[in-house]
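Read the numbers this way: they start at 1 and go in the same order the structure lists the ligands and their atoms. Values below: every heavy atom of this structure, side chains too, minus hydrogens, waters and symmetry copies.
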Amino acid sequence: MTMSPTRLPVATGQQARAALWEIIKADRYQAIYILLLYALSAAGAVALPVLLGEVIDGINAGWSVTHVNIFCAAIVGTVAAQLLLSRYGRLKGYQFGERAAATLRSGFIARVLSLPLGTVERAGAGDLGTRTSDNITQVADLLRRGGPEVVLALIEVTVILAAAFIVDIRLGAVFSLGLIPSALIMWWFMRSARPLFLAELRSLSEGAQTLSASAAGSRTVVSYQLQTIRQQKGYAAAEDLYLRLRRVIRLESIAFPAFHVTFRVQTFVLVFLAGWWYLGGALSIGAVVAIAMLSIRMNGPVTRIFMHIKHFQRATAAMARLQGVHAIEEEPRTAQPRGTDLRLDHVTFGYDDGPDVLHDVTLHPRPAERLVVVGPSGAGKSTIARLVAGIDRPRSGTVTIGGASVADVPLEHLRRHVILVTQESYVFSMSVRENLTMANPEATDEELLEALEKVGARWLAELPDGLDTQVGSEQHVLSLAEAQQLALARVIVADPKIVVLDEATGGIDPGSAGRVEATLASALEGRTVIAIAHQLHAAESADRIAVVDHGRIAELGTHAELVEANGTYARLWRAWKGDRRD
Ligand SMILES: Nc1ncnc2c1ncn2[C@@H]1O[C@H](COP(=O)(O)OP(=O)(O)OP(=O)(O)O)[C@@H](O)[C@H]1O
């Protein structure tokens with residue numbers, strides 16, 4: 001279990017904004033159409049005060065009733081059209097946002113799936129989990145709601161200012177200048193909030209990481225009595241998140257009131273000036289009413305912009321985390337194996353910057369042999385399995401299949417020949433059939449049933465819809481043992497040349513595990529099987545046994561040879577036999 005993951009990178013704000021812009025640009029014709037709709041709707045909205053001002057001035061100037069009625073009908077028509085346009089524009093805006101969010105989501109998932117497996121694994125479930133859930137949701141919300149709202153609001157602001165200039169050029173100028181302090185506060189808030197939001201998101205992901213690591217490794221936590229340490233780590237993560245959130249709230253509690261006060265002051269100054277000029281005879285009463293209504297109307301879009309800026313900043317911080325995965329170096333996998341001969345030669349390996357955990361390991365599993373790897377906990381058995389499966393790459397030495405470095409073989413090619421089954425069997429939320437055919441879409445129902453039979457999955461008979469039963473976390477939940485049987489059946493269906501079983505029957509009760517392994521062994525007859533085992537029941541029947549100790553192959557031979565040699569294996573064997581007799 002890895003308790004301290006290697007963080008995935010985070011892109012800069014500029015890269016995040018550029019990536020957002022690219023997503024929007026991909027649907028630019030729709031974007032322009034929506035902008036036009038917004039502009040028309042905003043123009044309709046500001047036409048109301050301007051027309052009303054005209055009517056008031058017209059009444060003062062002695063317009064006829066018909067004249068006034070025509071103007072009033074025009075006002076009603078404008079309001080109705082504006083309402084329809086704004087509804088339709090919003091609908092289009094949200095649809096645009098949904099499409100953009102879908103592009104973002106699928107792009108991110110595709111990128112994560114193309115990353116080196118070791119990198120994804122070591123990033124930890126918390127980091128990846130928050131990126132794929134919270135962070136994507138934040139950006140998607142911006143694209144589908146916040147973004148269209150801010151654009152609409154900006155257009156409204158521009159149109160209101162333009163209308164103010166039309167009503168009276170001096171008032172238009174005062175109105176525009178009066179917005180500068182509010183704009184400066186907005187700018188200051190944006191600059192100060194971004195690092196705080198980034199820190200908040202990082203803290204959130206680390207909290208999630210701490211929780212998921214404790215949950216995933218709960219058995220280790222309990223057996224090593226680590227509950228208090230893990231609990232303290234959880235409290236520390238929660239405390240850190242609390243402090244980060246407080247900083248954000250403190251900033252908001254300064255910026256929001258400051259913004260509202262400056263905005264109110266400018267409205268007051270504007271209306272005061274308009275009144276003053278009216279009293280001095282420099283402005284008509286219609287213009288005063290129009291400017292007062294425009295300044296009241298300005299409150300809506302400006303407040304919306306300010307409210308959404310917070311979401312915009314949080315979303316760009318989230319986008320920076322999503323874009324971060326693009327900064328990870330690609331490992332081009334282009335090697336083409338000739339055959340499936342597997343070899344580990346003088347392999348040395350260590351995790352990240354840590355010390356070597358494998359030293360000069362040389363192992364040549366023979367075609368179709370069943371090689372059981374045993375050894376004490378932490379000796380390096382699973383690490384060998386990961387190297388054979390191409391998840392990690394050796395620091396020195398080579399792991400090859402058909403002469404090509406395993407870590408350089410394209411994954412879709414490698415998975416046809418080498419499959420690793422670990423104790424953590426994942427059940428996909430789909431039918432039992434789909435869970436199996438993902439390994440071989442051409443497999444028939446008979447082959448699937450046969451595979452399930454071979455791994456002892458008798459529970460299938462009890463499922464309401466047999467192979468069509470939907471399984472997974474939100475459907476029919478399979479137990480750990482059932483999930484492992486499903487994973488093993490998937491291997492039989494995939495029919496690869498090399499199978500690496502890393503404690504693959506660990507979740508099945510010891511009585512059944514031996515039986516499942518025996519049937520599995522016959523099902524995998526003719527394949528090279530490397531089985532990593534804590535229990536030695538499978539060792540006796542293996543073709544050869546490799547004993548790993550302190551990252552080295554300490555012994556290699558048949559059961560009889562190793563018992564005869566009276567070394568580590570013989571000791572383990574005697575202890576295991578003894579335990580069994582007790
Ligand atoms: N992701 C990781 N990051 C850092 N060190 C790791 C990681 N995984 C394993 N190690 C270390 O590498 C060494 C070998 O671990 P490995 O899991 O291969 O041993 P193992 O023989 O399979 O043990 P077990 O039987 O307990 O699973 C151990 O010292 C372990 O702490």
Worksheet entry | N or O contact, Gly378 vs ligand 1, cut-off under 3.5 Å | yes

Practice prompt. Please state whether Ala379 comes within less than 4.0 angstrom of ligand 1, counting heavy atoms only.
Written response: yes

Item to complete: Would you indicate whether Gln470, at its atom CD, is surrounded by more than 12 heavy atoms from other residues, nucleotides or ligands within a distance under 6.0 Å?
Response: yes

Worksheet item: Mind checking what makes side chain to side chain donor-acceptor pair (under 3.5 Å) contact with Gln231, not counting sequence neighbours?
Response: none

Discussion item. Closer than 4.0 Å to some heavy atom of Lys381 - which atoms of ligand 1 meet that?
Written reply: 18 (O), 19 (O), 20 (P), 21 (O), 22 (O), 23 (O), 25 (O)

Worksheet item: Of Pro355, Ser382, Gly375, which has the heavy atom at the shortest distance from atom 27 (O) of ligand 1?
Response: Ser382

Worksheet entry | Heavy-atom proximity to atom 18 (O) of ligand 1, best of Asp392, Ile384, Thr383 | Thr383

Item to complete: Begin from the C-alpha positions of Ile401 and Asp341 and carry the test side chain to side chain contact (heavy atoms under 4.5 Å, CB included) through to its verdict.
Response: CA-CA 5 Å; Ile401 177 168; Asp341 182 31; over 6 Å; no

Item to complete: Verify whether the ring centers belonging to Tyr569 and His559 lie closer than 6.0 Å.
Response: yes

Worksheet item: Can Gly354 be said to touch ligand 1, with heavy atoms closer than 4.0 Å?
Response: no

Worksheet entry | Side-chain (Asp502) to main-chain (Ala385) donor-acceptor, under 3.5 angstrom | no

Practice prompt. Give a yes/no verdict on whether any heavy atom in Ala385 is under 4.0 Å from an atom of ligand 1.
Written response: no

Item to complete: Only counting residues at least two apart or in another chain, list the ones meeting side-chain contact (heavy atoms from CB on, under 4.5 Å) with Arg244.
Response: Ala199, Glu200, Ser203, Asp240, Arg247

Worksheet item: Which one holds for Val357 and ligand 1: side chain close, backbone close, both close, or neither close, with close meaning a heavy atom under 4.0 Å?
Response: side chain

